[in-house]
Amino acid sequence: MPIETKLGQFFEKGSILIGEYEFSIRKHGMLGGRWTLDDDGQELIEATKTSAFTRTFEIDAPQGRLILQAHGFTSMAFDLNGVDGTPVAKIVPDHIFTRRSTIQVIDHEIDTPTLVFSFWLVTLIWHRQHSSG
């Protein structure tokens, strides 16, 4: 099934296309750190950036609360874990000179929209880092 993510140009919003089904991503507030994955106006998943100084999100997903965080201080890789630290997935760029990435699914119970929304959040962070030089 083809999956496509789109990062909007303004206010850090976008969309996710899974097959022929499209979800929208909204940022809540210009300065806030809260995004939702919406299906026809209904919030399905919520992500909150825990601090302006970290690359960490708390995600409220159908299967429970998850933590998405950079693997290390300077790393481009991200870990998606349960709140108890149980690994769910890893998002790793293939190398520094490409936009290609690999999503390593560890817990196959994770639903596709949550996994792809997490990837979208990572690409948002990568875009911010690239834009800031």
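Everything numeric here is computed off the predicted structure, so don't read it as measured data.
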Ring centroids only, cut at 6.0 angstrom: are Trp35 and Phe57 within range, meaning strictly under it?
yes
Is there a path of hydrophobic side-chain contacts, each under 4.5 Å between heavy atoms of I, L, V, M, F, W or Y residues, that connects Val83 with Ile45?
no
Output yes when Arg26 and Glu46 qualify as a salt bridge under the 4.0 Å nitrogen-oxygen rule, no when they do not.
no
Look only at the side chain of Thr86 and the backbone of Gly82, and say whether a donor-acceptor pair between them is shorter than 3.5 Å.
no
Closest non-hydrogen contact found for Gly14 with Trp120 is N-CZ2, 3.9 Å
Looking only at the side chains, is there a donor atom on one of Asp94 and Thr102 sitting less than 3.5 Å from an acceptor on the other?
yes
Heavy-atom nearest pair, Asp107 first then Pro87, reads CB-O, 4.1 Å
If I take atom NE2 from residue His108 and atom CD1 from residue Ile110, how far apart are they, to the nearest 0.5 angstrom?
11.0 Å
With side-chain contact (heavy atoms from CB on, under 4.5 Å) as the criterion, how do Thr114 and Gln63 come out once you've worked through the C-alpha distance, each side chain's angles and the decisive distance to 0.1 Å?
CA-CA 9 Å; Thr114 300; Gln63 64 270 10; 3.5 Å; yes
Go through it in stages, so that I can follow the logic: the residues are Val122 and Leu68, the test is side-chain contact (heavy atoms from CB on, under 4.5 Å), and I'd like the CA-CA distance, side-chain angles, deciding distance and then a yes or no.
CA-CA 9 Å; Val122 170; Leu68 177 67; 4.0 Å; yes
Same apolar cluster: Val116 and Ile103, side chain cutoff 4.5 Å
yes
Derivation of the side-chain contact (heavy atoms from CB on, under 4.5 Å) call for Ile91 and Leu80
CA-CA 8 Å; Ile91 301 169; Leu80 181 63; 5.8 Å; no
Counterpart residues, side-chain hydrogen bond (donor to acceptor under 3.5 Å, both in side chains), relative to Thr48 (two or more places apart)
none
How many angstroms lie between CD1 in Ile67 and CD1 in Ile59, if you round to the nearest 0.5 Å?
8.0 Å
From OG (Ser118) to CG (Leu37), nearest 0.5 Å:
9.5 Å
Distance (rounded to the nearest 0.5 Å) between Gln42 CD and Thr36 OG1
11.0 Å
Side-chain polar contacts of residues 16-25 - donor-acceptor pairs under 3.5 angstrom, sequence neighbours left out - could you list them?
| unit_1 | atom_1 | unit_2 | atom_2 | d |
| --- | --- | --- | --- | --- |
| Tyr21 | OH | Asp39 | OD1 | 2.6 |
| Tyr21 | OH | Asp39 | OD2 | 2.8 |
| Glu22 | OE2 | Ser15 | OG | 3.3 |

What is the distance from atom CG of Asp38 to atom CG of Leu44, rounded to the nearest 0.5 Å?
7.0 Å
Could you give the distance from CZ (Phe78) to CD (Gln69), rounded to the nearest 0.5 Å?
9.0 Å
Verify the neighbour count for atom CG of Asp84: are there more than 12 heavy atoms of other residues, nucleotides or ligands below 6.0 Å?
yes
When you look at Asn81 and Leu66, which way does the side-chain contact (heavy atoms from CB on, under 4.5 Å) test go after all the steps?
CA-CA 6 Å; Asn81 298 319; Leu66 302 167; over 6 Å; no
Do Val92 and Ser101 come within less than 4.5 Å of each other through their side chains, counting heavy atoms only?
no
Is the closest side-chain heavy-atom distance between Arg55 and His71 below 4.5 Å?
no
For Lys49 and Glu58, indicate whether the former's side chain and the latter's backbone hold a donor-acceptor pair under 3.5 Å.
no
